[in-house]
Amino acid sequence: MHLPCSSYDARDIGQPSVMVFPTTKTATLEGHIGACHCVTYSTGGQYVLTGGSDRKINLYNPNSGALIQKYEKGHGYEVLDIACSHDNEKLASVGGDRLAFLWDVATAKTIRRFEGHGSRINCVGFNSDATVMATGSFDATVRLWDLKSNSWKPIQVLDEAKDSVTTLKVVGWEIFTGSVDGSLRTYDIRMGSICTDLIGHSITCVTVTTDTNAILLSTLDSHLRLFDKTTGACLKSYSGSHVNKDYRVRSCVGGPGDAWVLTGSEDGKIVAYDLLEGREVAAVKGQHQGKVVSGVAFHPKGRQWVSSGVDGTVCVWGST
């Protein structure tokens, strides 16, 4: 079980001094009909990918706002998560139809279709070289798929969760999963081991810092918590400015030196916290028609970031 959150030395993560969080909207990406459930940057940050309730995946240029490509004729129900491979050649998507699709990014055609989950699939991720794909589902399982073979069956089923698996992150040989049962599970596929940490509140998002030394969790008590990956100690808690009690709201760490923690909110706000100090550094209001802001993502190399909402739009943010 994790230790209570406490203060810690800034040198543990190593941040630059005071910086101004970018809050200028530079573009609005349109094209979805209905809610936009997920948003992510391509590897390197050249493009932004989105998935929505209209069963479509869109690829945009975040700088010009142009819609570059549409990925259609795949899902029969809403798209709930997407992931891009390390080389940007493949795209994975999952959704309410209990299916996972592997797409060719350049041609916008499906390469393979994966089925086996008993309910909607909430999350998806690749390993570092995109030879294995992981999917997490409302059926409380995580399934691993070998992308090098022609087999349609999963190579492994992880069934330790007691409720819906809402989020996962693949880092090297490790898979971090969050569940409605309130537990963070860390699977080491190479060692065949699992570590379970009871957080006590339903988890809606799991992400890791750039140096992979810390894990950020979003939970349905309107808190974000940063944990040391090795010791399990809670390094910092972030709350008071965002609302997350009923819906899956994504969060992320980013900016120069991972300076900021960013989250959406059920009251239509987008909130940024200082990673080290835990204080609010920015709150963007009045966007996404005041509806739930379901997703946020930082550019992997720059100060740009994006937000998505149930209003169907994606906003691109940066500095003036």
Side-chain angles (χ1 to χ4, degrees), residues 5-29 39-48 60-65 169 171 205-218 222-229 233-244 249-265 267-288 293-309 314-320:
C5 289
S6 60
S7 62
Y8 62 102
D9 193 323
R11 291 171 296 179
D12 290 344
I13 294 186
Q15 299 296 327
S17 57
V18 177
M19 293 177 291
V20 177
F21 185 82
T23 57
T24 300
K25 185 163 69 171
T26 59
T28 299
L29 311 181
V39 60
T40 187
Y41 279 94
S42 62
T43 304
Q46 184 177 3
Y47 301 106
V48 166
Y60 300 90
N61 181 321
N63 299 312
S64 67
K169 183 70 175 179
V171 180
C205 185
V206 172
T207 188
V208 298
T209 53
T210 302
D211 60 12
T212 71
N213 289 330
I215 305 168
L216 179 70
L217 301 182
S218 298
S222 299
H223 280 68
L224 304 168
R225 295 175 176 87
L226 186 71
F227 293 99
D228 185 284
K229 191 183 77 168
C234 185
L235 303 175
K236 186 64 68 175
S237 179
Y238 314 87
S239 64
S241 298
H242 72 284
V243 179
N244 186 196
V249 172
R250 301 291 179 89
S251 60
C252 62
V253 178
D258 279 357
W260 301 302
V261 170
L262 184 65
T263 181
S265 182
D267 60 2
K269 289 192 301 183
I270 309 156
V271 180
Y273 296 96
D274 183 282
L275 182 138
L276 292 177
E277 299 178 8
R279 61 181 174 84
E280 176 193 311
V281 295
V284 180
K285 305 176 182 178
Q287 303 299 319
H288 299 290
V293 180
S294 55
V296 290
F298 265 111
H299 190 285
K301 297 180 180 178
R303 294 169 62 89
Q304 187 185 81
W305 57 278
V306 291
S307 61
S308 64
V314 174
C315 297
V316 182
W317 307 85
S319 302
T320 54

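All figures in this text were calculated on a predicted structure; none of them were measured in a lab.
- Of all the heavy atoms in G65 and A27, the pair that sits closest is CA-CB, 4.4 Å.
- Atom CD of Q287 and atom OG of S307 lie 7.5 Å apart (nearest 0.5 Å).
- The distance from the CZ atom of F298 to the CZ atom of R303 is 9.0 Å, given to the nearest 0.5 Å.
- A donor-acceptor pair under 3.5 Å links the side-chain atoms of K269 to the main chain of S241, judged by distance alone.
- Within the 4.5 Å cutoff, no side-chain heavy atoms of T209 are placed close to those of L216.
- With D258 contributing its side chain and T210 its backbone, the two residues share a donor-acceptor pair below 3.5 Å.
- Note that the OG atom of S42 and the NE2 atom of H299 stand 7.5 Å from one another [nearest 0.5 Å].
- Expressed to the nearest 0.5 Å, how far CZ of R250 lies from OG1 of T40 amounts to 9.5 Å.
- The two residues V39 and A297 make their nearest non-hydrogen contact at O-CB, 4.0 Å.
- Taking the six-membered ring wherever Trp is involved, the centroid distance between the rings of W317 and F21 does not fall below 6.0 Å.
- With a 4.5 Å cut-off on side-chain heavy atoms, I270 and W305 count as touching.
- In this structure, OH in Y47 is found 7.0 Å from CG in N61, a value given to the nearest 0.5 Å.
- Note that CG of L224 and OG1 of T207 are 11.0 Å apart. Values are rounded to the nearest 0.5 Å.
- In terms of modelled atom types and a separation under 3.5 Å, the side chain of S265 and the main chain of V243 share a donor-acceptor contact.
- Within the 4.5 Å cutoff, the side chain of L29 has heavy atoms near those of the V48 side chain.
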Would S222 and S239 count as a side-chain contact (heavy atoms from CB on, under 4.5 Å) if you check the C-alpha gap in whole Å, the side-chain angles of each, and the deciding distance to 0.1 Å?
CA-CA 6 Å; S222 299; S239 64; 5.9 Å; no
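- Taking each heavy atom of D274 and Y238 in turn, the nearest pair found is O-CE2, 3.4 Å.
- Taking each heavy atom of P62 and G45 in turn, the nearest pair found is CG-O, 4.4 Å.
- Closest of all the heavy-atom pairs between V271 and E280 is CG1-CG, 4.2 Å.
- Closest non-hydrogen pair, K169 versus V206, comes out as CB-O, 4.0 Å.
- Applying the ring-ring contact (aromatic ring centres under 6.0 Å, His included) rule to H242 yields the partners Y273; only residues at least two apart in sequence or on another chain are considered.
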